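Working notes for the structure below.
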Amino acid sequence: MKAILTTAALLCTMAAFAQAPQLNRNNIDEVLNAMTLEERITLVVGANRYVGDENGPGPAPGMPVRRSVDMRGLVEKPWSDGVTAFSSGRVKGAAGDVVPVERLGITTMVLADGPAGLRIDATRPGDDNTYYCTAFPIGSLLSASWDPDLTERVTTAMGNEVLEYGADVLLAPAMNIHRNPLCGRNFEYYSEDPLLAGKIAAAYVRGIQGNGVGTSVKHFAANSQETLRNGQNASISERALREIYLKGFEIVVKEAQPWTIMSSYNKINGVLASENRWLLTDILRGEWGFKGFVMTDWWAEENGARQLAAGNDMLMPGTPHQYDDILAAVESGRLDIRFLDDCVRRILQVMVASPTFNRYQYSNKPDLAAHAQITRVAAAQGMVLLKNENALPLGKKSKVALFGVPSYDTMVGGSGSGYVNRAYKVTVDEGLENAGVKLDKQLAESYRAYVKQEKAKQPAEYFWIIPTVQETAISRVDAEVAAKRNDVCIYSIGRMAGEGGDRTLTPGDWYLSETEQANIDLLCETFHQAGKKVIVLLNMGNIVDMGWCGKPDAILHTWMDGQEAGNSVADVLGGQVSPSGKLPMTIAKRYEDYPSAKDFPMSNGNPGDVNYDEDIFVGYRHFDRQPETILYPFGFGLSYTRFEYSDLKAERRGDELKISVKVTNTGKRSGREVVQIYVGAPEGKAVKPVKELRAFGKTAELKPQASEVLTMTVKLTDLRWFDGYERAWKLDKGEYIISAAASSQDIRQQVTLTL
Ligand code: BGC
């Protein structure tokens, strides 16, 4: 009898299982209806909630603790080096996983960082294969290229690695506005201008998603600093939010429909971004038409019920507390289950397009050699030549005295979640030698020995910390000997930065260290006395104080170029590539000239609260009103050749302005030119910036005497300003001044249009 009952129960269960719908593109609601409450919650709370440690389940207090989880057994597996990482066990080192509901054919999705390449572990215990990813150029270099097509080529390659290593969503691009030059993550972000940031991010998303994998555009929104990022309150007017801090996100959502968005840690006007229904539902979905799902940033403030009700669909990486909170909230009526169901539905809609759901047979063998070539070419396109008094390109047979630690230990990317486990990096000395440049051997050997010796004292580099070797003082004798023996001097200044902290207003960070300053002074003195040039390379993700810029003969901002750095730098120094990058931010004379300096964590006495009192006057929108404080303007960058602008035309066609301008290479070498279209709007009711970037274009490689007509479109709606009082976008009648410019301070042609 007992045996008969057991068999019957088993048959019932099997029947229920057989009847359970299996998720496909057309039955999302049916599957949702078949899900138990627990299963629905399971889907919205990331897999990390199954993980525990000696303090109990979930993250330890304070800093995020990363652990790994085996999806089959859902047990903790500490990471080999003591730093623990959280991953599905399928793609080791991925940042997060969705919990599958196998009964209904709901699979996992693997979420991995971004943005300079896929961040997964390069090696796996008990596995002889390697899983290196390509370290591509950082965000600010991509935006300095002002080249969405190039960006898309880079991220097409990057997305292929996401696909071929078995991940579903890349946690990138990161696109917060450069409000202040000390933000520790500016290297991942794009610009002080939302149009440039938005266009580059849209191209980034198109490239990644063209592979059939997703992106997570982050950190939505106003995550302008790292200090106290969890819960710091940003007080911003609605006008500044709409015109500056949200604008780039609006562009990327409307132009590229990212699969997902990551909400930021901070509060905006008192409400956490992840709990902000106005932001995540009214604006993002209601106004912009976003179709994907929103996830929290990792371990973001944990009121799961409030987050879901705001339209934050997934809580990453997931904690037991969130699960319990949501369950209790639904059961008590505090959270209407329809909020939860909306979230589940949106996640499933994305999931059915994902490679894991579609059982994509990934190879674990992307073409890393081909991608290395892409990163090499791309990095050279974003370098910005800030100064050049007949020093560059290097002469064919120049003997180079290469000074400065970053020339030999080149920084190719920043730290934190934006780190990439690459197979190798090419340093500047190696790149120059690869290109056949003769380096001062003795000098190179002594730097190499110093770097090796210092590195031996340091812990190995890993994603959260990239140890750097301290700059060393150059002796007068060495400088004098080098100035005799060589034709030219190159000196590198490097700055590391990363997630979790802002940079500091100190020597060695914002300012040159005493050693760096003394080195530059000495090298300029000795080489100039010998009638030879000094070139300075800036190897960093952002900018430094440049009060010293009068001394050297040339300054090339090389950023952080990705793993082929040295080869990319050599391509530009040697003249194979003429620099065509332009600054995506303003370099002011002094830090204090940035309007946000008044209210950035270390200066406002209350770092938990940041008042964006400069309002919409961020970057050149501010500096246009105080041009005397600019050292290098937004949009500035030299070339090895010269360009002339002519025939600027702007005409209204329906709801758009069609703008065209002819660019002619009047110099002696080939090169590309970035043209910026700024529009100055009539005052109307509001105080407005002198002008705002409304379009930009980049020519193809133009031979000497060759021309190209660039045509650009500006929608009339893009000329509007946001009336914070009436809470509406407004287009003022009157005269609009349209400028074609080589930088925000170098206007070449202007026309006026009455609207
Ligand atoms: C970062 C995100 C990142 C996430 C996952 C967070 O600490 O802010 O940018 O995607 O971790 O690693």
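Numbering of ligands and ligand atoms starts at 1, following listing order. Remember, predicted model here, so these are calculated numbers, not experimental data.
For the ligand labelled ligand 1, residue Met262 lies inside the 4.0 Å heavy-atom shell. Not a single heavy atom of Glu188 sits under 4.0 Å from any atom of ligand 1. Between Trp299 and ligand 1 there is no heavy-atom distance shorter than 4.0 Å.
When Asp113, Thr296, Leu111, Asn223 are checked for heavy-atom proximity to atom 12 (O) of ligand 1, Asp113 turns out nearest.
Between His557 and Trp559, the two ring planes are parallel [angle under 30°; tilted spans 30° to 60°]. Ring geometry, Tyr612 versus Tyr245: the interplanar angle exceeds 60°, so the pair is classed perpendicular (tilted spans 30 to 60°).
Counting atoms of ligand 1 from 1 in the listed order, those under 4.0 Å from a heavy atom of Ala95 are 5 (C), 12 (O). Contact atoms of ligand 1 toward Leu171: 10 (O) (distance under 4.0 Å to a heavy atom of the residue). Taking every non-hydrogen atom of Lys218 and a distance limit under 4.0 Å, the qualifying atoms of ligand 1 come out as 2 (C), 3 (C), 9 (O), 10 (O).
Checking only distances, Tyr265 does come within under 3.5 Å of ligand 1, N or O to N or O.
Contacts between Met295 and ligand 1 below 4.0 angstrom, taking non-hydrogen atoms only, are absent altogether.
Side chain of Ser596 to backbone of Arg179: a donor-acceptor contact under 3.5 angstrom is found. Between the side chain of Arg495 and the backbone N or O of Gly508, at least one donor-acceptor pair lies under 3.5 Å. Counting only distance, with no hydrogens or angles, the side chain of Arg90 and the backbone of Val110 share no donor-acceptor pair below 3.5 Å.
Salt-bridge annotation for Lys92 and Asp121: absent, with no side-chain N of the basic residue lying under 4.0 Å from a carboxylate O of the acidic one.
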